[in-house]
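Atoms considered below: every heavy atom in the structure, side chains included; atoms not considered: hydrogens, waters and symmetry mates.
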Amino acid sequence: MPLHFVYSDQDFVPDVRRNSGKRQTKFDATIQAGWTDRMKAGLFRYHLGDLQTRILPGPYGYVAQLNIERGIERRKPQEILSIQQQFNGEQFNFNKIKPEEILFEMIKDVEGGSEKGQLHEPCRMVVLVNVSPLEFGHCLFVPHPSGCFPQVMTSFAMQVGIESVLLSSDPGFRVGFNSLGAFASVNHLHLHGYYLEHELKIETMPVKPLVPEKGFYGLLDFPAGFLFYTESERVEEVAEAICQVTNFLVDGNIAHNLFLTRGCPPCERTRNEKEHCSRKGVRVAVWPRASCFGAKEESAFNVALCELAGHLPFKNQKDYEFISERDVMGIIQRYLLPDSEFHTLEQQLTRHLKD
């Protein structure tokens, strides 16, 4: 029987600040202690120590990390042929893991008891270690594993993903999602969560309003994409709007990556120092992108949720040491939609969310 982590809206941390001391929350303590325990027990495919890290020179501040063993030891990704591919129980899925890989099950509590009637079914969110970790605390959020859902975002998964970021007092806790065709390696619904202590540009990137009443904005810098923003009061509503966008992308066979992080409220200008350090809410970046099917892999790094957000895990020493910001942008650009296609999509999604 897995440990139950029970939480409510009262557990959300209303404001997190960069460059200030933070008191660890029960959520952070539970993930970090459980993850460290599993690492010591030898459950991972390799031991993850402190990763070699360097910030690439240039305005984007890309965070490069060397993680050779993940490139060698991780489970071979499944062959994905379609963004709408059905779940296949014969392939690896999260019902086949060792029970000790499970850290806990998240259960939301509200006044009057369990929130089962208010949160969308299914209401079980199982959190397990990623046995091929990218970074410290790398875990997977799997909604109702026995439901065997394919890798298509749901409003329940998105809501709990956002709430997980709000439950952490660490501005470095991130959550992300790769769709099929966007380097998802397992076709069984899951989100990634991990800690990266370095600041990423996406936390403060300026945006333009598209449908601000739904929390929907356009990113004003590279790589081209969209941004949702919510503080603790509007999580369910914004999660629904995000799924309106991801469902539209799935229906149009457009692959996509999502990245959730503490961030500044949306703004079209550069902020002062006080505003720049405040992280009251959660930014959810959505990048529509070119699909990748089959086993195609870049030699330096794959372009998925981390890389689009500015975190670059490298598989070999040479690329890690010598790659430049310009090289990185060139690789990422190849996976983005052409400008004309992106602008058409922006208009379609703006209309779709206004309907």
Handout entry: Distance-only donor-acceptor check, side chains T261 and R283, under 3.5 Å
Key = no
Problem - Note, L140 side chain near L191 side chain (heavy atom, < 4.5 Å) - result: no
Handout entry: 4.5 Å side-chain heavy-atom contact, F156 and V160
Key = yes
Problem - Non-hydrogen side-chain atoms of P133 and Y46 separated by less than 4.5 Å - result: yes
Practice task
Return yes if a side-chain donor-acceptor contact under 3.5 Å exists between N187 and Q91, otherwise no.
Solution key: no
Completion exercise
Residues at least two apart in sequence or cross-chain that pass side chain to side chain donor-acceptor pair (under 3.5 Å) with N257, listed by chain then number, are N178, R289
Practice task
Report yes or no: do L56 and L308 belong to one cluster of Ile/Leu/Val/Met/Phe/Trp/Tyr joined by side chain heavy-atom distances under 4.5 Å?
Solution key: yes
Practice task
Verify the distance criterion only: is there a donor paired with an acceptor across the side chains of Q244 and E240 at less than 3.5 Å?
Solution key: no
Problem - Side chains of V284 and F216 in contact at under 4.5 Å (non-hydrogen atoms) - result: no
Exercise for the section: Determine, for K208 against E346, whether the closest basic-nitrogen to carboxylate-oxygen distance falls under 4.0 angstrom. Expected result: yes
Exercise for the section: Might you confirm whether atom CD of Q86 has over 12 heavy atoms from other residues, nucleotides or ligands at distances under 6.0 Å? Expected result: no
Exercise for the section: Inspect the contact between K98 and E101 and indicate whether a charged nitrogen and a carboxylate oxygen are less than 4.0 angstrom apart. Expected result: no
Handout entry: Test log, rule ring-ring contact (aromatic ring centres under 6.0 Å, His included), inputs F228 and Y217
Key = CA-CA 6 Å; F228 283 90; Y217 300 83; 8.4 Å; no
Handout entry: Ring centroid separation F5 to F27 under 6.0 Å
Key = yes
Handout entry: ILVMFWY network linking L349 to L353, side-chain heavy atoms under 4.5 angstrom
Key = yes
Handout entry: Interatomic distance, C292 atom SG to L180 atom CG [nearest 0.5 angstrom]
Key = 12.5 Å
Fill in the blank from the handout: One should read off an interatomic distance between E105 CD and H144 NE2, to the nearest 0.5 angstrom, of 10.0 Å
Handout entry: Heavy atoms from other residues, nucleotides or ligands near NZ of K40 exceed 12 (cutoff 6.0 Å)
Key = no
Practice task
Could you verify whether a donor N or O on one side chain and an acceptor N or O on the other, from N130 and Y194, lie under 3.5 Å apart?
Solution key: no
Handout entry: R23 backbone acceptor or donor facing S169 side chain under 3.5 Å
Key = yes
Problem - Side chain proximity check, E307 to H311, heavy atoms < 4.5 angstrom - result: no
Handout entry: R279 with E203: basic N within carboxylate O range, under 4.0 Å
Key = yes
Problem - D251, CG: over 12 other non-hydrogen atoms inside 6.0 angstrom - result: yes
Problem - Hphob cluster co-occupancy, F104 + V175, side-chain heavy atoms under 4.5 angstrom - result: yes
Handout entry: Any side-chain donor near an acceptor of the partner, Q151 and H190, under 3.5 Å
Key = yes
Handout entry: Charged N-O contact under 4.0 Å between D170 and R262
Key = no
Practice task
State plainly whether one hydrophobic cluster holds both V207 and M205, where clusters connect Ile, Leu, Val, Met, Phe, Trp and Tyr through side-chain heavy atoms under 4.5 angstrom apart.
Solution key: yes
Problem - Sequence-distant partners of F141, ring-ring contact (aromatic ring centres under 6.0 Å, His included), two or more places apart - result: none
Completion exercise
Sorted by chain and residue number, the side-chain contact (heavy atoms from CB on, under 4.5 Å) partners of Q333 (sequence neighbours excluded) come out as F222, L336
Handout entry: Atom CG of D355: over 12 foreign heavy atoms under 6.0 Å
Key = yes
Handout entry: Backbone N/O of C243 and side chain of N247: donor-acceptor pair under 3.5 Å
Key = yes
Problem - Distance, nearest 0.5 Å, that separates CZ of F173 from CG of L260 - result: 9.5 Å
Handout entry: Heavy-atom check, side chain of C148 versus side chain of N95, under 4.5 Å
Key = yes
Practice task
Give a yes or no answer on whether the side chain of E325 reaches the backbone of Y60 with a donor-acceptor pair at less than 3.5 Å.
Solution key: yes
Completion exercise
By side-chain contact (heavy atoms from CB on, under 4.5 Å), D11 pairs with (sequence neighbours left out) Y7, S8, L167
Practice task
Check whether the side chains of Q65 and E135 place a donor and an acceptor atom closer than 3.5 Å, and report yes or no.
Solution key: yes
Handout entry: Approximate separation, where rounding is to 0.5 Å, of E213 CD and R234 CZ
Key = 8.5 Å
Problem - Student check: side-chain heavy atoms of L345 and L249 closer than 4.5 Å - result: yes
Exercise for the section: Answer with yes or no after comparing the ring centroid distance for H188 and F87 against a 6.0 Å cut-off, counting only values under it. Expected result: yes
Practice task
May I ask you to test the I102-I97 pair for a side-chain heavy-atom distance under 4.5 Å?
Solution key: yes
Problem - Neighbour count above 12 (heavy atom, 6.0 Å) for Q84 CD - result: yes
Handout entry: Aromatic contact, W287 with Y335 (centres under 6.0 Å)
Key = no
Practice task
Quick one: list whatever passes side-chain contact (heavy atoms from CB on, under 4.5 Å) with H198, sequence neighbours left out.
Solution key: T53, I55, V63, L196
Handout entry: Aromatic ring proximity, centroids under 6.0 angstrom, W35 and Y195
Key = no
Practice task
State whether R38 and E100 are salt-bridged, where the test is any N-O pair (Lys NZ or Arg NE/NH1/NH2 against Asp/Glu carboxylate O) under 4.0 Å.
Solution key: no
Practice task
Could you tell me which residues satisfy side-chain contact (heavy atoms from CB on, under 4.5 Å) with R326, sequence neighbours excluded, listed by chain and number?
Solution key: S324
Problem - Chi angles and distances behind the side-chain contact (heavy atoms from CB on, under 4.5 Å) call for E163, S232 - result: CA-CA 8 Å; E163 290 176 343; S232 55; over 6 Å; no
Handout entry: Gap between atom NZ of K280 and atom CD of E231 - 0.5 Å precision
Key = 6.5 Å
Problem - Single-linkage hydrophobic cluster, 4.5 Å side-chain cutoff, F183 and L305 together - result: yes
Exercise for the section: Nearest 0.5 Å please: distance from the CD atom of Q32 over to the CG atom of D37. Expected result: 13.5 Å
Handout entry: Pair F301 and Y320, ring centroids less than 6.0 Å apart
Key = no
